[in-house]
Amino acid sequence: EAQVTQNPRYLITVTGKKLTVTCSQNMNHEYMSWYRQDPGLGLRQIYYSMNVEVTDKGDVPEGYKVSRKEKRNFPLILESPSPNQTSLYFCASSRGGLEAQHFGDGTRLSIL
Amino acid sequence: GNSVTQMEGPVTLSEEAFLTINCTYTATGYPSLFWYVQYPGEGLQLLLKATKADDKGSNKGFEATYRKETTSFHLEKGSVQVSDSAVYFCARTPYGGSQGNLIFGKGTKLSVKP
């Protein structure tokens with residue numbers, strides 16, 4: 001089954017404690033993205049990747065890091081999380097930059 | 001620039017009512033246009049898309065027509081069901097700028113009552 005898998009689905013943690021949200025896709029897609037979803041703001045792109053070792057900033061990259069060492073994986077790293085990063089996060093992948101995107105089920109992060 | 005504007009919700013309808021959710025986009029470039037649906041507790045799923053002017057996307061009884069003259073991509077369904085209750089997002093591909101990005105509207109929550 002074609003899917004984008006995120007882990008964990010839920011996480012409550014404290015300010016400053018490094019965390020990583022993993023994302024994996026099994027569709028051999030070139031493009032992968034991370035979004036955050038906040039009430040009243042819709043979805044905003046954090047980072048995206050066009051291929052292995054190629055990443056670039058989206059609209060709200062501050063406080064986040066990503067890496068793309070393998071085609072299927074695109075982890076999101078919060079080196080020093082802060083409460084304003086409490087949000088619902090989605091990973092997505094697509095075959096091309098202008099193609100429809102496939103989304104994971106989301107990761108709800110709460111930073112206390 | 002790139003933007004998408006959706007009608008604000010929430011929208012509450014009775015079962016079998018007609019649905020319209022308005023979406024307009026900024027007239028930059030020749031974007032592809034999408035409607036995504038997000039059911040409670042789930043990620044976004046592609047509902048339908050249109051890649052050029054006058055194209056009509058359709059799926060599960062929903063339709064949307066790419067109108068270049070009005071820069072619109074309104075979502076319609078003739079008879080909604082309780083199971084259609086979800087948040088609907090209109091989106092476009094960007095003009096210039098970053099690839100691998102979709103520009104999303106803020107979402108419209110639909111509640112269908114039996």
Side-chain angles (χ1 to χ4, degrees), chain A residues 1-7 9-10 21 23 25 27 29-52 54-61 66 68 71 74 88-108, chain B residues 1-10 21 23-25 28-52 55 57-59 64 66 73 86-109:
Chain A
E1 181 189 349
Q3 57 186 8
V4 177
T5 303
Q6 297 177 224
N7 279 296
R9 292 291 313 278
Y10 304 92
V21 185
C23 174
Q25 50 94 4
M27 294 167 279
H29 283 167
E30 304 284 334
Y31 287 80
M32 297 186 75
S33 295
W34 276 103
Y35 295 86
R36 60 178 289 173
Q37 182 180 15
D38 300 290
L41 297 176
L43 276 84
R44 295 177 293 168
Q45 192 188 51
I46 302 170
Y47 268 95
Y48 69 96
S49 170
M50 292 181 282
N51 212 328
V52 175
V54 182
T55 63
D56 205 350
K57 297 176 181 178
D59 299 317
V60 288
V66 292
R68 188 93 180 273
K71 196 172 187 179
F74 190 45
L88 179 58
Y89 291 86
F90 289 101
C91 182
S93 72
S94 63
R95 192 171 47 194
L98 301 179
E99 300 282 328
Q101 298 194 358
H102 297 254
F103 283 80
D105 284 338
T107 296
R108 186 166 292 282
Chain B
N2 299 297
S3 71
V4 172
T5 303
Q6 287 180 237
M7 63 185 287
E8 292 199 18
I21 300 178
C23 172
T24 57
Y25 61 94
T28 47
Y30 303 93
S32 293
L33 301 172
F34 306 87
W35 277 101
Y36 281 83
V37 59
Q38 184 180 28
Y39 298 105
E42 298 183 13
L44 279 72
Q45 302 173 27
L46 178 67
L47 181 60
L48 54 84
K49 69 176 184 179
T51 58
K52 61 183 188 299
D55 269 3
S58 61
N59 186 25
Y66 191 142
F73 193 55
V87 180
Y88 292 82
F89 292 90
C90 185
R92 62 163 285 169
T93 50
Y95 174 73
S98 304
Q99 296 290 311
N101 187 14
L102 285 180
I103 312 297
F104 285 89
K106 294 184 179 179
T108 302
K109 184 175 182 180

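The basis for the numbers below is simple: all heavy atoms, side chains too, and nothing from hydrogens, waters or symmetry mates. Labels below follow one simple rule: chain letters A, B, ... track the order of the sequence lines, proteins then strands, and each chain is numbered from 1.
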Find the distance between [atom1] ([X]) and [atom2] ([Y]) and round it off to the nearest 0.5 Å.
X: B:I103; Y: A:Q45; atom1: CD1; atom2: CD; result: 7.5 Å
X: B:L44; Y: A:D105; atom1: CG; atom2: CG; result: 10.5 Å
X: A:Y35; Y: B:F104; atom1: OH; atom2: CZ; result: 5.0 Å

Checklist entry - With respect to chain B, which residue among A:G106, A:P39, A:G40 yields the maximal number of heavy-atom pairs within a distance under 4.5 Å? => result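 It is A:G40.
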Do other residues, nucleotides or ligands put more than 12 heavy atoms under 6.0 Å from the [atom1] atom of [X]?
X: B:E8; atom1: CD; result: no
X: B:Y39; atom1: OH; result: yes
X: A:R108; atom1: CZ; result: no

Checklist entry - Looking at residues at least two apart in the chain, or sitting in another chain, which of them share a ring-ring contact (aromatic ring centres under 6.0 Å, His included) with B:F34? => result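 With neighbours one apart ignored, the set is empty.
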Less than 4.5 Å to any heavy atom of chain B: does that hold for the side chain of [X], its backbone, both, or neither?
X: A:D38; answer: neither
X: A:R9; answer: side chain
X: A:L41; answer: backbone

Checklist entry - Relative to chain A, which segment of B:Q38 carries a heavy atom at a distance below 4.5 Å: side chain, backbone, both, or neither? => result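 B:Q38 touches chain A through side-chain heavy atoms alone.
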Item to check | Closest approach of B:F89 to A:Q37 (non-hydrogen atoms, all atoms of both residues) | outcome: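 Of all heavy-atom pairs spanning B:F89 and A:Q37, the closest is CZ-NE2, 3.2 Å.
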Item to check | Results of side-chain hydrogen bond (donor to acceptor under 3.5 Å, both in side chains) for A:T55 - residues two or more places apart only | outcome: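 If we apply the side-chain hydrogen bond (donor to acceptor under 3.5 Å, both in side chains) test to A:T55, skipping adjacent residues, there are no hits.
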